[in-house]
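Remember, predicted model here, so these are calculated numbers, not experimental data.
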Amino acid sequence: MASVVVIGPGAIGGVLAALAHERGHDVTLAVRTPFDVLRVRSGADGEERSVPAAIRTDPASVGPADWVILTTKAQDTASAAGWLKATTGPGTVVVVAQNGVDQDRRVEGLVHPDATAVPAVVVLGAEAVEPGRIVHHGYGRLTVPDGAWVSGLSALVSGGDDGVEVVGSPDYRTDAWRKLISNAVANPITALTMRRNDVLAEPQTADLVLGLSREVVAVARAEGADLSEDDVTTLRNHYATMPAGTGTSMLYDRLAGRPTEHEYLTGAVVAAGQRHGVPTPLNATMLALLRSM
Ligand SMILES: NC(=O)C1=CN([C@@H]2O[C@H](COP(=O)(O)OP(=O)(O)OC[C@H]3O[C@@H](n4cnc5c(N)ncnc54)[C@H](OP(=O)(O)O)[C@@H]3O)[C@@H](O)[C@H]2O)C=CC1
Ligand SMILES: CC(C)(CO)C(=O)C(=O)O
């Protein structure tokens, strides 16, 4: 049994915490807005399970753990500094399960110097409908760089009918940028239109989806990621077949009136484009709109 602290058990952290608890691990939830018990539902009509993991609101009440899974929004990482300091020690593996690229750099200087920070690409559809109450809309995969942590992370959250697959990648940079295509397309379009993902498959958004994706691929290639037009095609096919009713984390934030993560998604694309002299006019336009929301 491993000790696991999930910092920010909202949509993603709630699902991962439930899985680790149900697999017999000692799970602590490090929360900002308190709730009585974590509840996770698989699918909008599925059965809701209660997850009696320990809930803590004060970093002084926790100590170093084997695993720390950070699932706050990227812009909230700095506000979790107290938790990261209290829960990490020599040997702690800190999985930064957030969208964007270079997630591990976000915790530099915030974790114990002998802890290991591991970035994770999260492919998992989930929604926090209220603090501590999560709907897992479907699928689940964490992609991390190849390394010793892959089997340990699998033991926390994989297996069974509802487990999350953990994949060790030999080319994590490419995987992170591939995921960022989706986050620079789907997240802004759904958040700005206040529509669920079906908006991405409609004819009036087709040129925008294509143009935004191609800009991200061009920037990603300049960053050393091995992406191509095939990745754009794959994404468009994916949008054509997505289950009805799903949305994006940025849409859920906008619906709930919370700050959005755009600086770490569209903002990261525009900033990298500027570094490499790769034009990103469509992403820059989206960024201006997102900043004005
Ligand atoms: N939801 C999804 O389908 C997907 C999300 N992602 C990515 O995963 C990451 C997590 O997203 P998601 O789970 O949707 O986000 P949520 O907003 O649902 O959850 C984030 C949680 O972090 C908590 N939090 C924020 N700051 C702190 C803090 N200082 N201390 C403790 N808790 C804190 C929030 O608390 P409070 O209740 O107070 O707001 C909230 O419960 C993001 O990077 C997102 O882009 C990736 C793939 C899909
Ligand atoms: C589900 C997905 C892939 C949409 O881009 C996502 O990462 C998010 O909601 O943030």
Side-chain angles (χ1 to χ4, degrees), residues 1-31 37-55 65-72 87 92-99 103-104 116-129 132-170 172 175-176 178-179 182-183 197 238 241-243 245-249 252:
M1 180 178 74
S3 55
V4 185
V5 177
V6 177
I7 304 176
I12 299 301
V15 171
L16 298 177
L19 291 170
H21 186 272
E22 288 160 1
R23 280 148 186 73
H25 300 287
D26 173 15
V27 178
T28 299
L29 310 176
V31 310
V37 65
L38 175 67
R39 287 173 290 163
V40 178
R41 183 187 296 282
S42 293
D45 305 323
E47 195 184 331
E48 192 169 76
R49 308 111 72 190
S50 288
V51 183
I55 297 176
D66 300 323
W67 293 87
V68 170
I69 305 181
L70 177 66
T71 52
T72 63
T87 57
T92 303
V93 180
V94 183
V95 181
V96 186
Q98 296 174 335
N99 274 332
Q103 298 94 325
D104 49 328
T116 303
V118 176
V121 171
V122 185
V123 176
L124 194 164
E127 179 175 3
V129 289
R133 192 147 170 251
I134 313 302
V135 177
H136 182 185
H137 287 295
Y139 53 89
R141 187 171 66 242
L142 294 176
T143 302
V144 293
D146 256 344
W149 42 78
V150 175
S151 56
L153 186 56
S154 290
L156 298 186
V157 297
S158 299
D161 288 343
D162 59 349
V164 165
E165 184 190 7
V166 175
V167 177
S169 169
Y172 180 80
D175 289 307
R178 184 177 291 115
K179 173 76 197 294
S182 174
N183 292 131
N197 288 338
H238 172 61
T241 59
M242 243 175 339
T246 56
T248 68
S249 54
Y252 304 142

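Between L16 atom CG and I134 atom CD1 the span is 10.5 Å, to the nearest 0.5 Å. Note that the OG atom of S169 and the CG atom of D146 stand 6.5 Å from one another [nearest 0.5 Å]. A distance of 8.5 Å separates NE2 of H21 from CG of L29, quoted to the nearest 0.5 Å. Of the inter-residue distances, the one linking T92 atom OG1 with D66 atom CG reads 7.0 Å to the nearest 0.5 angstrom. Distance check: E165 CD to S154 OG gives 8.5 Å after rounding to the nearest 0.5 Å.
Between H136 and L124, some side-chain heavy-atom pair lies under the 4.5 Å cut-off. Under the 4.5 Å side-chain criterion, counting only non-hydrogen atoms from C-beta, L156 is not in contact with R23. Counting only heavy atoms from C-beta outward, the side chains of T28 and T87 never approach each other to under 4.5 Å. Side chains of D162 and E22 form a contact here, defined as non-hydrogen atoms less than 4.5 Å apart.
Remark: side-chain polar atoms of Q103 are not paired, donor with acceptor, to backbone N or O of A97 under 3.5 angstrom. Remark: side-chain polar atoms of T116 are not paired, donor with acceptor, to backbone N or O of V93 under 3.5 angstrom. Checking side-chain atoms of S158 against main-chain N and O of V164 turns up a donor-acceptor pair under 3.5 Å. When atom types are taken as modelled, the side chain of S3 and the backbone of W67 share no donor-acceptor pair closer than 3.5 angstrom. K179 places a side-chain N or O within donor-acceptor distance of the main-chain N or O of V122, the cut-off being under 3.5 Å. Remark: side-chain polar atoms of R41 are not paired, donor with acceptor, to backbone N or O of V135 under 3.5 angstrom. Under the 3.5 Å distance criterion, the side-chain polar atoms of Y252 are matched with a main-chain donor or acceptor of G247. The backbone N or O of H238 sits less than 3.5 Å from a side-chain atom of T241, completing a donor-acceptor pair.
Pairing each heavy atom of A65 with each of V5, the nearest pair is CB-CG2, 3.7 Å. Smallest separation of non-hydrogen atoms from G14 and V40: O-CG2, 3.8 Å. Here the shortest heavy-atom pairing between V144 and A120 reads CG1-CB, 3.8 Å. The shortest heavy-atom contact between V96 and D104 is CG2-CA, 4.2 Å. Considering every non-hydrogen atom in both H25 and M1, the closest pair reads CA-CG, 3.6 Å. When all heavy atoms of A17 and V6 are compared, the pair lying nearest together is CB-CG2, 3.8 Å.
No side-chain donor-acceptor contact under 3.5 Å links D175 and T143.
Atom CZ of R141 is surrounded by 12 or fewer heavy atoms from other residues, nucleotides or ligands within 6.0 Å.
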